[in-house]
Structures are given as C-alpha cells and as structure tokens.
Amino acid sequence: MKALLAAGYTVYAGARRVDRMAPLADAGARLLSLDVTDDTSMTIAVKTILQEAGRIDVLINNAGYGSYGALEDVPLNEARRQFDVNIFGLARLIQLVLPGMREQLGGRIVNVSSMGGEFGEPFGSWYHATKFALEGLSDSLRMELRPFGIDVVVIQPGAILTEWNSIARDGLMKYSGNGAYRDGARSHIKMMASADQGSMPSPPSVVARTIVRAVQAPRPKTRYATGGGAKAILFLRRILSDRAFDATMRMAERQTTKSSA
C-alpha cells in the first residue's frame with residue numbers, strides 16, 4: 001500500500017482490524033473497516049469509496065490465510081471459512097466494483113494468489129483448493145472483461161516474511177499434530193518453519209513492488225511470480241510430472257527434518 005501511495009495513487013485500505021493499519025494511515029491511506037465474510041461490510045466499503053472518490057480504477061484483493069491440516073481432520077466449517085475468505089469474499093468485492101468499471105470502460109483487478117495456485121502439498125488441501133480456484137476464476141474473468149477494457153492480473157508470491165506461515169503451522173498442529181497424521185504433520189511443520197529462515201523468504205516489499213508494476217503496466221502480464229523461490233518452484237512444477245514433483249516435495253521435507261534434528 002505504501003508503494004502505491006508513493007507512486008501517487010489515492011489508496012483505500014480495508015481490513016477487519018483497522019487499528020493494525022495505523023502506519024498506512026500515517027502514510028496517507030484512507031482506512032476502511034472491511035470484513036470479506038460480511039456482505040454488508042463490503043457493500044458499505046465500496047459505496048463509501050465511490051461517494052468520496054467518484055470512481056474505482058484498481059481493486060487489489062489481498063485478503064487470505066492458510067488453513068492447514070489433513071483433509072480428514074479439518075472440520076468442514078473451517079473449510080467453508082477458508083473459501084469464504086480466500087474466494088467468496090474476493091468474488092463479492094469484484095461484483096461490487098465491476099458496474100463502475102464497466103461504465104468507465106476501464107479498470108484493473110489484481111488478485112493476490114500464491115505460487116501454491118499451481119501445485120499442492122500435503123496438509124494444504126483446503127488452502128491450495130482456494131488458490132487453484134482463484135487462478136481459474138481470474139482466467140475466466142480476464143476473458144469476460146476484455147470487451148470492457150478491464151484487466152485481470154494474478155500475483156503469485158512465494159515464501160514471504162509475514163504471519164501467514166505461523167498461522168498455517170498453528171492450524172496444522174491444532175488439527176493434525178496429535179492424531180493419525182501426527183508424524184507427517186509435525187515433519188511438514190518443520191519444513192514450513194524452515195521457509196521463514198535463511199535466504200529464501202522475501203520481505204513483503206517485494207510483493208508490493210510487483211503489485212505496483214502490475215498496476216502501472218500499460219499492458220500487464222496475466223501473472224507475476226514474485227519473491228521467495230516462486231519462479232524456480234513454478235518452473236520445476238511445469239517441467240516435472242506429477243509424481244516427480246511429489247517426490248521432490250518429499251525429498252525437501254526429509255532434508256528439512258534431518259537438518260533440524
């Protein structure tokens with residue numbers, strides 16, 4: 001957000017916990033209370049922006065979290081919440097901004113996905129399902145909106161130094177750390193923790209700069225892989241067979257377990 005402010009954009013930042021966004025307000029952003037699981041909250045937020053600014057040129061969908069655990073262990077109400085936050089809230093915001101974008105014959109929708117939108121991993125069934133869904137949604141939407149001059153761009157971050165990783169690990173431990181999947185879950189937690197260490201993870205500013213490029217490009221790419229091994233891992237996924245990639249994931253997990261033993 002700060003990168004967009006520095007580039008001269010009027011920025012509205014929405015979140016459930018507005019108090020945590022005080023630095024953005026200090027930098028010049030206009031804060032909104034926004035819960036992507038609450039239709040009234042989303043409707044009010046979009047109406048407020050239109051009343052104050054008169055138009056919306058760019059929507060950046062960045063809300064999301066990773067719900068991890070063996071598919072057998074994760075309650076369906078938690079799985080539904082994962083889809084509510086990562087997919088349905090995002091889709092509803094798009095619905096709310098599109099009438100204005102169509103009328104002005106222009107706009108840009110930037111959906112922050114993940115490199116995990118192109119591959120799976122053990123214990124990430126529900127999270128990866130939402131990211132695969134987001135990739136397909138974005139591809140379909142891009143073709144639908146082309147006649148109206150509206151671009152749809154996907155950002156695919158890799159390992160980024162945020163609280164996402166610790167939240168995902170906590171969920172994995174909660175749901176699968178002590179049951180039938182205990183050994184595999186705890187091994188995977190170690191691998192995930194290693195992604196927050198060393199030289200692999202990137203600061204959030206890397207993703208922010210990529211978003212600014214996607215917003216400012218006259219003809220943006222449809223996808224931008226960025227930060228923390230994203231390009232290398234997606235390259236491997238595209239050249240390896242399913243089983244070869246599965247084996248690569250298992251090997252990475254074994255190496256992580258040995259190094260942390």
Item to check | Stepwise side chain to side chain contact (heavy atoms under 4.5 Å, CB included) check, Y68 with S125 | outcome: CA-CA 7 Å; Y68 273 60; S125 299; over 6 Å; no
Checklist entry - Do I233 and L240 sit in the same hydrophobic cluster, where Ile, Leu, Val, Met, Phe, Trp and Tyr count as joined when their side-chain heavy atoms come under 4.5 Å apart? => result yes
Item to check | Test item: D242 and R237 side chains (from C-beta on) under 4.5 Å apart, heavy atoms | outcome: yes
Next on the checklist: Ignoring hydrogens, what is the shortest heavy-atom contact between Q95 and P99? Give both atom names and the distance.
Outcome noted: O-CD, 3.1 Å
Checklist entry - Can you hop from V18 to I44 via hydrophobic side chains spaced under 4.5 Å? => result no
Checklist entry - Can you name the nearest heavy-atom pair linking A7 to Q216, along with the distance? => result CB-NE2, 3.6 Å
Item to check | 4.5 Å side-chain heavy-atom contact, R213 and K221 | outcome: no
Checklist entry - To the nearest 0.5 Å, how far apart are OG in S176 and CZ in R186? => result 11.0 Å
Next on the checklist: Please determine whether the number of non-hydrogen atoms from other residues, nucleotides or ligands lying under 6.0 Å from atom CD of Q197 exceeds 12.
Outcome noted: yes
Item to check | Stepwise side chain to side chain contact (heavy atoms under 4.5 Å, CB included) check, Y127 with F132 | outcome: CA-CA 9 Å; Y127 172 72; F132 269 72; over 6 Å; no
Item to check | Test item: T43 and R92 side chains (from C-beta on) under 4.5 Å apart, heavy atoms | outcome: yes
Next on the checklist: Tell me whether the rings of Y181 and F123 are parallel (<30°), tilted (30 to 60°) or perpendicular (>60°).
Outcome noted: perpendicular
Next on the checklist: So that I can tick it off, tell me whether R223 and E135 are bridged by a salt bridge, with the cut-off set at under 4.0 angstrom between side-chain N and carboxylate O.
Outcome noted: yes
Item to check | Distance-minimising heavy-atom pair for A214 and P220 | outcome: O-CB, 3.7 Å
Item to check | ring-ring contact (aromatic ring centres under 6.0 Å, His included) against F245, all qualifying residues, sequence neighbours excluded | outcome: F119
Item to check | Check: G227 main-chain N/O paired with S202 side-chain donor or acceptor under 3.5 Å | outcome: no
Next on the checklist: Show the nearest heavy-atom pair for residues A45 and L32, with the distance to one decimal.
Outcome noted: O-CD1, 4.0 Å
Item to check | T37 side chain to D84 backbone, donor-acceptor under 3.5 Å | outcome: no
Checklist outcome for this item: salt bridge (Lys or Arg N to Asp or Glu O under 4.0 Å) filter on E121, not counting sequence neighbours, yields none
Next on the checklist: Looking at L137, is its backbone amide N or carbonyl O close enough to the side chain of S140 to form a donor-acceptor pair, meaning the two atoms are under 3.5 Å apart?
Outcome noted: no
Checklist outcome for this item: Taken to the nearest 0.5 Å, the spacing of L4 CG from Y9 OH works out to 7.0 Å
Next on the checklist: Do Q156 and V154 have side chains that approach each other closer than 4.5 Å (heavy atoms only, starting at C-beta)?
Outcome noted: yes
Item to check | Polar side chain donor-acceptor pair, T130 to N86, under 3.5 angstrom | outcome: yes
Next on the checklist: Count I, L, V, M, F, W, Y as connected when their side-chain heavy atoms are under 4.5 Å apart, and connections chain through other members. Are V97 and L134 then in the same cluster?
Outcome noted: yes
Checklist entry - Which value, rounded to the nearest 0.5 Å, describes the distance between L71 atom CG and L76 atom CG? => result 8.0 Å
Next on the checklist: Under a 3.5 Å cutoff, is there a donor and acceptor pairing between the side chains of N165 and R169?
Outcome noted: yes
Next on the checklist: Is the shortest side-chain heavy-atom distance between I211 and Y224 below 4.5 Å?
Outcome noted: no
Item to check | Backbone N/O of S67 and side chain of Q82: donor-acceptor pair under 3.5 Å | outcome: yes
Item to check | Aromatic centroids of W126 and Y65 separated by under 6.0 Å | outcome: no
Next on the checklist: Test your reading of the model: is there a side-chain donor-acceptor pair from R102 to the backbone of F148, 3.5 Å cut-off?
Outcome noted: no
Checklist entry - Are D139 and R142 close enough for a salt bridge, meaning some N to O gap below 4.0 Å? => result yes
Item to check | Heavy-atom check, side chain of M42 versus side chain of L96, under 4.5 Å | outcome: yes
Checklist entry - Any side-chain heavy-atom pair from I160 and V207 closer than 4.5 angstrom? => result yes
Item to check | Check: S205 side chain, A208 main-chain N or O, donor-acceptor pair, under 3.5 Å | outcome: no
Item to check | Nearest-0.5 Å distance that lies between atom OG1 in T248 and atom CZ in R243 | outcome: 13.5 Å
Checklist entry - Do S187 and E253 meet the criterion of a side-chain donor-acceptor pair at a distance under 3.5 Å? => result yes
Next on the checklist: Quick one, N111 with S113, criterion side chain to side chain donor-acceptor pair (under 3.5 Å). Give me CA distance, side-chain angles, the key distance, then yes/no.
Outcome noted: CA-CA 6 Å; N111 291 328; S113 178; over 6 Å; no
Item to check | L172 to G69 - nearest heavy-atom pair and separation | outcome: CD1-CA, 3.7 Å
Checklist entry - Would you say the side chain of V110 lies within less than 4.5 Å of the side chain of L59, judging by non-hydrogen atoms? => result no
Checklist entry - Looking at K131 and E118, does any basic side-chain N land under 4.0 Å from a carboxylate oxygen? => result no
Item to check | hydrophobic_cluster_shared for M200 and L161, side chain cutoff 4.5 Å | outcome: no
Next on the checklist: Quick check on the hydrophobic clustering: are I49 and L90 connected, directly or via other members, by side-chain heavy-atom contacts under 4.5 Å?
Outcome noted: yes
Item to check | Reported CD-to-OG1 distance for the pair E52 and T10, which is rounded to 0.5 angstrom | outcome: 10.5 Å
Next on the checklist: So which atom in S41 and which in S33 form the shortest heavy-atom distance, rounded to 0.1 Å?
Outcome noted: OG-O, 3.6 Å
Next on the checklist: Is there a side chain to side chain contact (heavy atoms under 4.5 Å, CB included) between K231 and M115? Walk through the geometry before answering.
Outcome noted: CA-CA 8 Å; K231 292 180 180 179; M115 64 177 178; over 6 Å; no
Checklist entry - side chain to side chain contact (heavy atoms under 4.5 Å, CB included) between R108 and I150: does it pass, once the steps are laid out? => result CA-CA 5 Å; R108 191 157 297 180; I150 302 169; over 6 Å; no
Checklist entry - Donor-acceptor pair, R30 side chain versus Y12 backbone, under 3.5 Å? => result no
Checklist outcome for this item: side-chain contact (heavy atoms from CB on, under 4.5 Å) with N61: of V36, V112, I94, only one passes, and it is I94
Item to check | Between CZ on residue R16 and CG on residue L34, distance to nearest 0.5 Å | outcome: 10.0 Å
